[in-house]
Amino acid sequence: MQLNPAQQAAVEHRGSPLLVLAGAGTGKTRVITHRVAALMDEGVPPWRILAVTFTNKAAAEMRARIEKMCEGKVDVSQLWVGTFHSISARILRRHGESVGLSRNFAIYDTDDQIRLMKRVFKELNRDEDQVKPRAILGHLDQLKNRGLTIDQVEQLGLEGFMTRLTALLGRRYQELLRAADAADFGDLLVLAVKLLEKAGTEQPRPGAQLVDVDPVIGLKRRFLHVVVDEYQDTNPVQARLVELLSGRAQLCVVGDDDQAIYGWRGADVSQILGFPDRQPGCELIRLEQNYRSTGHILRCADAIIRRNEGRLGKTLWSELGDGALVTLRACEDEREEARFVVNEILDALNEDIPPEEIAVFYRTHAQSRVIEQQLTDHGMRYAIFGGLGFFERKEIKDTLAYLRLLQNPASDLDFTRIVNEPARGIGDTTVGRLTALAANRNVPLLTVARNPEEAGVSGAAAKRLHGFVAMIDELTARLHANVPLGQLAAEVLERTGYRDALVHEGSEESEARVENLDEFVGALTEFAQENPDQTLADYLEQVSLVSDADGGGHGEVRAVRLMTIHSAKGLEFEKVILTGMEEKVFPHSRVIAGEDAAREEGRRLRPEERAQIEEERRLAYVAVTRAKRQLVITWAKRRRLYNQEFIGTPSRFVRDLPPDSVRGRVPGVIRREAAVMPQGLSLPSAPPRAPAPARESSWNSDIVYDEGAAAAPARRGPAAVHGDAPTLYKGMAVRHRQYGEGTLVGWDGSGSNLKLAINFPVVGVKTILARFCEPL
DNA sequence: CCTGTGAGAATTTTT
DNA sequence: TTCTCACAGG
Ligand SMILES: Nc1ncnc2c1ncn2[C@@H]1O[C@H](COP(=O)(O)OP(=O)(O)OP(=O)(O)O)[C@@H](O)[C@H]1O
């Protein structure tokens, strides 16, 4: 395990803050790993070192690596290694009382959050059709990521319908969270920051002894060294958290501004770019040698990323040689793409590349299904990352809800979730009555349920409620009797009749669910055995914080990896197959929408629209730079997604690839240039291309798929010339047999699937297959 | 109060 | 295509 001189310098630097800013595969992660090991070697106690990683898996890996490097000389378990969220949770678990959290507080995942927010909607009589609970939660999370509390938002008098609504609903949402002794993901960060900021500013209570010194102050002074990986994707609260924990620590952050891909989650590149300014005396070290990928791959990566504006720009070179060309493949549809992927995997396996060194990437989860299907058909095992995780399945979440309710009788969300699961005749009406009274008296649902008659719940229902409460009490007693966790879960499933109900159902689906439950009980048993001093709360925390990138594939170790590009961040594979490289898939349609709107309105891109597109481009850069030796890129001319057929045109990122590094034709390069040229000048000629295949339609669209191509309706005349086929442009006059003459306003697809959007004077805009129309 | 039906919506990316 | 939600009927 050696280091080059620049890396060595970063490892050895002491005495002032350090920023390592370097491109992909240059060994940033290796640097911080070595740095931590070196620190301990110098005698820094492990408990005085904090390392922040992006995923729990990365944390585990780093810990393992450091342990190996220290050869058992140091107790690595004393090190603090973790994600921002897990570190915050850890702090709050110990010291959360002053911000309103007990040591057993629950962490709400997205599903819990939505349920809770829906309840708020109901309580405040808001219509879910107008504004979605999700949207409010998104907005609220943005505020949290920026470190803003609702009080601050209101004090600032921030404008905007959404912001005001978020403040209103968010306030009640937060109240309910606290009442339930729960925190959502954003709260973990915000509350940890609040806790640390508060420490030491409060007046000592009268009569306080010296020994009463706030332990949180100790925490702020605890760390002598802090290292942070992937710093480019840090958001303001996270940066603040690091700052607060670095009171006396030397801070070392590493990252790559070209790999910032979490802007949508509030991450802010200016965090890393402004680091030197905020940290007096900061040292900046750049790493330029890439140890991961071969030349052609790197050239493709560079060709993609260089088109972003306002980059710092970085040199990147490799000694690994050119390596193989990057394969580019145009597929007819997504099924052919999937078959091609399988073939590529088979090829790799034949070359003795281990399956776990082969990865298939896609932009969105929805794209994975076809590929999974194809893999299954070929009897290939695969590990999929993300999507519906094990712990998000209904049956598991229900069981967790029972457990959480046992631990915290005030957890109304969990109460409502399972009070009638399995069906025990306690329906909406009953729960509604309980809720009304509970809200009125400001007590938990479970409390009200003890005297249902007071809530106006009648005989039969009341009786069932009594039974339910008795059951919960019984199980709660078991929890407090310290029954081993696995056994407790098993008893819960037994006693509540949950398992029986599923077994009784006897469907294929319910069988799978029973299996999942058994697996869950097994996992819990194992956890309890391995961590005898850990509580249920510890287990629940671990479960809530495992990320997509962590869990993955149910322990499928020796299997091909399937994942979104986001979860591929920080990883590397011998062979990467990057699929779905079409406009509107990647870059995602949501992002392109901004461009379309801008074009339609004849204005320039708004800064945030541009930022989004640049983020997609960085995402493409991340994808490409995960590959060590082989990179395959595919796109499909047609794609069925959400049960709708989409006509695909190759992604701009594909068209940016340098032809010399690619095997397979790089499509349509010219139009982009033409569109960008001033005065609508077009480039002299297209690169050599095969003669157009015989076409069923006489319309020439295949080189017009570019964004901005037909942007200017004012510019009459062809935007491009290709053979005899008429070239499309907006404003073109067209005739349809039935509707008569109209004006072309847009189009989609190519060949016989070319569809035209035409504005007819009488019937308005219609989308019609091109072969039913003729130009005038 | 439960369950089945049908319509309808919805689909970025994640801790 | 798949899941979710609302409503009607049992
Ligand atoms: N000095 C070195 N000698 C040999 N191999 C190295 C050296 N430094 C790093 N590597 C290897 O290069 C690869 C990339 O390293 P690492 O993951 O640390 O890079 P990174 O900068 O964090 O990458 P990224 O930002 O793309 O996630 C790893 O396989 C690592 O083992």
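Per chain, numbering begins at 1; letters A, B, ... match sequence-line order. No experiment lies behind these values; they were computed from the predicted model shown.
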Starting at atom [atom1] of [X], determine the distance to atom [atom2] of [N], rounded to an integer number of angstrom.
X        : N      : atom1 : atom2 : result
A:Asp141 : B:dT13 : CG    : P     : 16 Å
A:Lys569 : B:dT13 : NZ    : P     : 16 Å
A:Ile114 : B:dA9  : CD1   : P     : 18 Å

Determine whether a donor-acceptor pair (one donor, one acceptor, N or O, separation below 3.5 Å) exists between the side chain of A:His85 and the base of B:dT15.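 Flag set: donor-acceptor pair detected.
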task = Decide yes or no, distance alone: a donor-acceptor N/O pair under 3.5 angstrom between the base of B:dT12 and the side-chain of A:Arg363.
result =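 Check passes, donor-acceptor contact within cut-off.
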With B for base contact, S for sugar-phosphate-only contact and - for none (protein heavy atoms under 4.0 Å), nucleotides 1-10 of chain C reads BS--S-----
Can you name the residues that form a ring pair (Phe, Tyr, Trp, His ring centres under 6.0 Å) with A:Tyr539, not counting sequence neighbours?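 A:Tyr539: ring pair (Phe, Tyr, Trp, His ring centres under 6.0 Å) contacts with A:Phe527.
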Of all residues at least two apart in sequence or in a different chain, which pass the side-chain contact (heavy atoms from CB on, under 4.5 Å) check with [X]?
X        : answer
A:Thr634 : A:Arg329, A:Cys331, A:Glu337, A:Phe340, A:Thr579, A:Val632
A:Ala106 : A:Tyr108, A:Ala182, A:Arg404
A:Ala623 : A:Phe361, A:Ile565, A:Leu578

Between A:Thr564 and B:dT13, is there a side-chain N or O to OP1/OP2 distance below 4.0 Å?
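Answer is no, no contact under 4.0 Å.
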Any side-chain N or O of A:Thr364 below 4.0 angstrom from OP1/OP2 of B:dT11?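 Negative; the distance criterion is not met.
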Strictly under 3.5 Å: I want the nitrogen or oxygen pairs between protein and nucleotides 2-8 of chain B, one per line.
residue, atom, partner, partner atom, Å
B:dC2, OP1, A:Asn420, OD1, 3.1
B:dC2, OP1, A:Asn420, ND2, 2.9
B:dC2, OP1, A:Gly425, N, 2.9
B:dC2, OP1, A:Ile426, N, 3.3

Donor-acceptor pairs are to be reported for all side-chain atoms of residues 235-245 of chain A against protein atoms at under 3.5 Å, with residues two or more places apart or in another chain.
residue, atom, partner, partner atom, Å
A:Asn235, OD1, A:Val237, N, 3.3
A:Asn235, OD1, A:Gln238, N, 3.1
A:Gln238, OE1, A:Asn235, N, 2.9
A:Arg240, NE, A:Glu197, OE2, 2.7
A:Arg240, NH1, A:Glu243, OE1, 2.9
A:Arg240, NH2, A:Glu197, OE2, 3.0

Next on the checklist: Would A:Tyr173 and A:Asp184 count as a side chain to side chain donor-acceptor pair (under 3.5 Å) here? Give the steps.
Outcome noted: CA-CA 11 Å; A:Tyr173 168 85; A:Asp184 65 17; 2.9 Å; yes
All side chain to side chain donor-acceptor pair (under 3.5 Å) counterparts of A:Lys569, not counting sequence neighbours
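Side chain to side chain donor-acceptor pair (under 3.5 Å) list for A:Lys569, sorted by chain: A:Asp233.
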P gap between C:dA6 and B:dT11, integer Å: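 15 Å, rounded to whole Å.
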**Study point:** Pairs where residues 451-462 of chain A contributes a residue and the test salt bridge (charged side-chain N to carboxylate O under 4.0 Å, His left out) is met, not counting sequence neighbours
**Key:**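 Qualifying pairs, neighbours excluded: A:Arg441-A:Glu454.
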* Indicate yes or no for a side-chain donor-acceptor contact from A:Arg618 to the backbone of A:Ala260 under 3.5 Å, with no hydrogens or angles considered. =>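 Such a contact is found between A:Arg618 side chain and A:Ala260 backbone.
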Does the ring of A:Trp264 lie flat against the base of B:dT13, closer than 5.5 Å centre to centre with planes under 30°?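 Stacking is present between B:dT13 and A:Trp264, given that their ring centres fall under 5.5 Å apart and the planes under 30°.
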